[in-house]
2 protein chains.
Amino acid sequence: MPESHPAPERFPVTVDVVALTVRRGELNVLLITRLIEPFRGKLALPGGFVLAGEELLEAAARELAEETGVGHLPGHLEQLGSYGPKGRDPRGDVLTVAHLLLAPDFPVLAAGSDAEHAAWYPVAEVPELAFDHALILDDALERAKSKLEYSPLGAAFCGDEFTIAQLRSVYEAVWGTRLDPRNFHRKATGTPGFLEETGTMTTGDAGRPAALFRLAPAARMTAGQPTRAVLNPPLMRPRE
Amino acid sequence: MPESHPAPERFPVTVDVVALTVRRGELNVLLITRLIEPFRGKLALPGGFVLAGEELLEAAARELAEETGVGHLPGHLEQLGSYGPKGRDPRGDVLTVAHLLLAPDFPVLAAGSDAEHAAWYPVAEVPELAFDHALILDDALERAKSKLEYSPLGAAFCGDEFTIAQLRSVYEAVWGTRLDPRNFHRKATGTPGFLEETGTMTTGDAGRPAALFRLAPAARMTAGQPTRAVLNPPLMRPRE
DNA sequence: CCAAAAGTGTTAGCCGTACACCCATGT
DNA sequence: ACATGGGTGTACGGCTAACACTTTTGG
C-alpha cells in the first residue's frame with residue numbers, strides 16, 4: 001500500500017465470466033454475440049463494468065444475471081484471475097477480473113438485451129473470440145480440470161441430486177476422457193466427506209435404477225464462501 | 001465486455017506482493033512498516049499503485065524493486081488474486097491485485113524509502129497486518145504449499161544450484177513438516193524432467209559431500225512465462 | 001575412531017487400473 | 001428373454017512410507 005506521491009492512476013475495471021456447463025455429454029461455455037463495436041459480430045465472454053460499491057463476485061453475478069436472465073446464481077462462482085490492463089481493448093486500458101462459473105445446464109434468456117445475445121457453445125467448437133477472451137477461456141478450462149481433481153466441485157455441474165453416472169459424465173466432459181464406470185463409482189462413493197445418499201432411486205431410464213446422491217455437508221458451500229474441502233486422495237485425471 | 005450505458009466507474013488499482021523465502025529453515029515473508037496513515041506503525045505487504053501503461057506483473061516487480069532495492073527479479077513472480085474494491089481501505093475503494101514471489105533469501109535495502117521500511121519476518125510470528133493483508137497472506141501461504149506439490153517451483157527458493165537437502169528444507173519449511181531425507185532424495189532425483197546434476201559437489205560441510213543440482217531445462221521458465229510443467233506424480237505433502 | 005550427512009536397498013501396504021461378474025429394471 | 005446400465009469382487013502393478021545399511025567427509 002502506497003503513499004500518494006504519484007497521482008494514483010484510475011482504471012476502468014470489468015468482470016468477465018466464463019460460465020461452463022455440461023450439455024449432452026459435452027462441455028459448453030456461455031458466450032454473447034457482440035452487437036456493437038469493437039469486435040461487432042464476434043463472440044465474447046459475458047461481462048461488464050464493476051459499479052461503485054460492488055465487490056468483484058457481486059459484479060460478476062450481476063452481469064451473469066443481466067445477460068442470461070437467471071434469477072439467482074445457478075452454480076459455483078469463483079475468481080479466476082485478472083488480465084491487463086494494457087492492450088486488451090482498442091478503446092483503452094481496461095483491467096478485467098475473470099471469473100469461473102460451474103453450473104448445471106440452465107436456460108438463457110432467448111431474447112437477450114438490445115446489445116448482446118447469449119447462448120451456450122460447445123468448447124470444442126468455439127470460434128475466434130473478442131479481446132483476449134480466448135486466453136481467458138483457456139485458463140478457465142485448465143482451472144476447471146484441476147478443480148475436479150481436488151475439490152468436490154464436479155457436483156456443481158449437476159443439480160442438487162444426481163447419480164454417480166451423471167457425475168461421471170461431468171468428469172468425462174471436462175477432462176475429455178473416458179473413465180471406468182466401476183472404478184469411478186467406487187472412488188466417488190468411497191471418498192469420505194464427498195457424497196451422501198438421498199435414499200431415493202432413479203426410475204424410468206434404461207437399465208437398473210441408480211441411487212441418487214447429493215454433496216455431503218462437509219463438501220458444500222459454507223456461508224456463501226466456496227468450500228476449502230479437498231478430495232484427498234484426489235480423483236485423478238488420466239495424464240495423456 | 002459492456003457497452004457504455006452506465007458511465008464506467010474507475011478505480012485506483014494497486015498491486016501487492018507476498019514475497020516468501022526460506023531463511024534458517026523457516027518460511028519468511030517480506031513486510032514493510034507503514035510510516036504514514038492509515039495503519040501507521042503497522043506492518044503491511046509491499047505494494048503500490050499500478051501506473052499508466054503498466055502490466056500487473058510489471059507493476060508488482062517494480063514495487064518490489066523500489067521497496068527492497070533488489071536490482072532484478074530475484075525469483076518466481078506470479079499473480080495470486082484480486083481483492084476488493086470495497087471496504088479494504090479507509091480512504092476509499094481500491095482494487096488490489098495480489099502477487100506471490102518465491103525467491104531465495106535476498107538482502108533488503110537497510111534504509112528503506114522515506115515512507116516505508118522493509119524486512120523479512122518469519123511467517124509463524126507475523127503480528128496483525130494492515131488492510132486485508134492477513135487474508136492475502138493466508139491465501140498466499142496456501143498457494144505456495146500447493147505449488148510445491150505440483151510444480152518444480154520449490155527450486156525457486158534456492159539459488160541456481162542447490163543440494164537435495166537444501167531443496168528438502170524448503171519443502172519442510174513451507175509445509176511445516178519433516179520429510180524423510182532418503183525418500184525425498186529418491187523422489188526428487190527420480191522425477192523425470194525435474195532436476196539435473198551439475199557434476200560438482202559441496203565441500204566443507206559436516207558429513208559426506210552432496211551433489212549439486214539445478215532445475216532441468218523442461219522445468220525452467222520459458223520466455224519469462226511461468227512454466228506449466230507439472231510434477232507428475234506430485235510430491236505429496238503429508239495431510240495432517 | 002566417531003559423528004554426521006549423503007545416498008542405496010528392501011520390504012510392506014495402500015491405491016489405482018483393469019476386468020470378470022452379478023443385480024435390477026425397461027421392452 | 002434380452003438389452004442396458006448399476007454396482008461388487010478380485011488380482012496385478014506401481015508408488016509411498018519406513019527403515020536398515022553403506023559411503024564419504026570433518027573433527
Side-chain angles (χ1 to χ4, degrees), chain A residues 24-25 148-150 154 158 161-173 175 177-214 230-240, chain B residues 24-25 148-150 154 158 161-173 175 177-214 230-240:
Chain A
R24 293 184 301 281
L148 261 52
E149 294 194 76
Y150 305 106
C158 303
E161 300 192 352
F162 48 87
T163 67
I164 301 296
Q166 287 165 1
L167 184 62
R168 175 168 49 84
S169 89
V170 165
Y171 279 75
E172 291 179 334
W175 287 345
T177 59
R178 308 296 299 182
L179 298 171
D180 185 295
R182 298 154 302 191
N183 291 336
F184 183 87
H185 186 282
R186 204 194 333 262
K187 179 80 185 186
T189 56
T191 299
F194 184 19
L195 300 178
E196 90 189 354
E197 226 163 331
T198 64
T200 53
M201 310 282 276
T202 58
T203 178
D205 300 341
R208 173 173 166 178
L212 283 168
F213 290 80
R214 68 171 78 87
V230 161
L231 253 45
N232 188 35
L235 256 158
M236 293 212 284
R237 71 177 128 156
R239 303 274 176 187
E240 279 74 86
Chain B
R24 292 185 300 279
L148 292 207
E149 293 195 79
Y150 305 107
C158 303
E161 302 192 351
F162 47 86
T163 67
I164 302 295
Q166 285 165 3
L167 185 63
R168 174 167 48 85
S169 90
V170 165
Y171 280 75
E172 291 179 334
W175 288 346
T177 58
R178 306 298 298 182
L179 298 171
D180 185 294
R182 292 138 339 190
N183 291 334
F184 184 87
H185 185 283
R186 204 193 334 264
K187 178 83 184 186
T189 56
T191 298
F194 184 21
L195 300 180
E196 91 190 352
E197 225 163 333
T198 64
T200 54
M201 309 282 276
T202 58
T203 177
D205 299 343
R208 174 174 167 177
L212 282 169
F213 291 80
R214 70 171 75 87
V230 160
L231 254 43
N232 187 36
L235 257 158
M236 292 213 285
R237 71 176 127 157
R239 303 277 176 186
E240 279 76 84

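In what follows, chains carry the letters A, B, and so on, assigned in the order in which the sequence lines appear, proteins first and then strands, with residues in each chain numbered from 1. Side chains included, hydrogens not; waters and symmetry mates left out as well; all remaining heavy atoms used.
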[options]: which one has an atom nearest the side-chain heavy atoms of [X]?
{"X": "A:Arg168", "options": "D:dG6, D:dT24, C:dA6", "answer": "D:dG6"}
{"X": "B:Pro209", "options": "D:dT24, D:dC19, C:dC21", "answer": "D:dT24"}
{"X": "B:Arg182", "options": "D:dA20, D:dA17, C:dA6", "answer": "D:dA20"}
{"X": "B:Ala165", "options": "C:dA6, C:dA4, C:dC21", "answer": "C:dA6"}

| Can you check whether B:Ala210's main-chain N or O pairs, donor with acceptor, with B:Thr202's side chain at less than 3.5 Å? |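 Yes, because the side chain of B:Thr202 sits within donor-acceptor range (under 3.5 Å) of the backbone of B:Ala210.
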| field | Exercise: identify the closest heavy-atom pair between A:Arg214 and A:Glu197 | value |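 Closest heavy-atom pair between A:Arg214 and A:Glu197: NH1-O, 4.1 Å.
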| request: Name the nucleic acid region contacted by A:Thr203, choosing base, sugar-phosphate or nothing; use a 4.0 angstrom heavy-atom cut-off, strictly under. | output: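 Sugar-phosphate contact only - A:Thr203 comes under 4.0 Å of backbone atoms but never of a base.
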| request: Remember a base hit wins even if backbone is also touched, and classify B:Asp205 as base, sugar-phosphate or nothing at under 4.0 Å, heavy atoms. | output: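 Answer is sugar-phosphate: B:Asp205 comes under 4.0 Å of backbone atoms only.
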| task | Identify, between A:Asp180 and A:Gly207, the residue whose nearest nucleotide on DNA chain C lies closer to the 5' end. | result |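 Of the two residues, A:Asp180 wins.
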Rounded to whole angstrom units, what separation is found between the [atom1] atom of [X] and the [atom2] atom of [N]?
{"X": "B:Phe184", "N": "C:dT8", "atom1": "CZ", "atom2": "C1'", "answer": "17 Å"}
{"X": "A:Glu197", "N": "D:dG7", "atom1": "CD", "atom2": "C1'", "answer": "11 Å"}
{"X": "A:Ile164", "N": "D:dG5", "atom1": "CD1", "atom2": "C1'", "answer": "14 Å"}
{"X": "A:Asn183", "N": "D:dT10", "atom1": "CG", "atom2": "P", "answer": "15 Å"}
{"X": "B:Met201", "N": "D:dT24", "atom1": "CE", "atom2": "P", "answer": "9 Å"}
{"X": "B:Arg178", "N": "D:dA17", "atom1": "CZ", "atom2": "P", "answer": "16 Å"}

| Side chains of B:Thr163 and B:Asp205: closer than 4.5 Å at any heavy-atom pair? |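 Heavy-atom side-chain distance check fails, nothing below 4.5 Å.
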| message | A side-chain contact here means heavy atoms from C-beta on lying under 4.5 Å apart; do A:Gln166 and A:Val170 qualify? | response |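 A side-chain contact is absent here, since even the closest heavy-atom pair is not under 4.5 Å.
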So, is [X] near the phosphate of [N], with a side-chain N or O under 4.0 Å from OP1 or OP2?
{"X": "B:Lys187", "N": "D:dC15", "answer": "no"}
{"X": "B:Thr202", "N": "C:dA5", "answer": "no"}
{"X": "B:His185", "N": "C:dA6", "answer": "no"}

| said: Would the base of D:dG9 count as contacting A:Arg186 through its side chain, where contact means a donor and an acceptor less than 3.5 Å apart? | reply: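 Present.
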| Any N or O donor-acceptor pair linking the side chain of B:Arg208 to the base of C:dA5 at under 3.5 Å? |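 Side chain to base: no pair present.
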| request: Over 60° means perpendicular and under 30° means parallel, so classify the ring planes of A:His185 and A:Phe213, tilted if in between. | output: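 Ring orientation, 0 to 90° scale: perpendicular.
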| said: Closest-nucleotide mapping onto DNA chain D: is B:Gly204 or A:Ala210 further toward the 5' terminus? I mean the 5' end. | reply: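 Its nearest nucleotide lies further toward 5', so the answer is A:Ala210.
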